Amino acid sequence: MQRTLLIIKPDAVAKNKIGEILRRVEEKGFRIVDLYKRRLTRKEAETFYAEHRGKPFFEPLVDFMTEGPCIPVVLEGENIIPQLRKLVGKTDPADAAQGTIRRDLAENGRRNAVHASDSPETAEREIAFFFDGKREII
Ligand code: CMP
C-alpha cells in the first residue's frame, strides 16, 4: 500500500467541487486516510512550492494558493502515486486527457483544481508538511 498527498486547490474549493473530486478519487478505490480545510500563508505556499522559486509562474502561483482555503488529503491505495497522477491529468487542462479531474474542472494551467505528489519521496515530504506529529493519521 502506498500513500500520497492530494490538495484540492482554492479554485475548486470556491466552486464547491470538493465532493466531486473526492467522489472521483473514491470511485477509483482509493481510501481517504485524512483531510482538513486550511488557508495557506504566503510563507507556507512559498515553502511548499520552493522547487519552483524563480520561475515566472512562482509569484502568481503563491497568490493563487493563498487566495482561499484548500483541502489537503492523504490517500492510500495500491500504486496510488502514478494512478492518482493519471486520474488528475496534465498540469494544463488543455493538455489533460478526457475524463481527468483537470480536464473537467481546472480553469487553466495555474488554477488547475488539484495537486498530486509526483514520487514516493515527494509524497512523504508533502504529507509531513500538512500532517505533522500533532495530528494522528488514522
Ligand atoms: P501543481 O501540480 O500543483 O505544481 C506546480 C503548480 O504550478 C502547478 O500545479 C500549477 O498550479 C502551477 N504551474 C505550473 N506550471 C505553470 C505554468 N506554466 N503557468 C502557470 N502556472 C503553472
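As the structure lists them, so they are numbered: ligands from 1, and atoms in each ligand from 1. Nothing here was measured: the structure is a model prediction, and the numbers come from that model.
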- [ ] For ligand 1, would you mind listing the residues that have at least one heavy atom less than 4.0 Å away, ordered by chain and number?
- [x] K9, Y49, H52, F57, L61, T91, R102, G109, R110, N112, H115
Task: Ion pair R42/E59, N-O distance below 4.0 Å - done: yes
- [ ] Begin from the C-alpha positions of E121 and R125 and carry the test salt bridge (charged side-chain N to carboxylate O under 4.0 Å, His left out) through to its verdict.
- [x] CA-CA 6 Å; E121 297 71 32; R125 177 169 51 77; over 6 Å; no
Open item on the list: So if I apply the salt bridge (charged side-chain N to carboxylate O under 4.0 Å, His left out) rule between R3 and each of E76, E124, E126, E78, which one comes out positive?
Closed with: E76
Task: Those residues that, when tested against D118, pass side chain to side chain contact (heavy atoms under 4.5 Å, CB included) (two or more places apart) - done: R85, T122
Open item on the list: Is the shortest side-chain heavy-atom distance between R53 and E46 below 4.5 Å?
Closed with: yes
Task: Presence of salt bridge, R24 and E27, under 4.0 angstrom - done: no
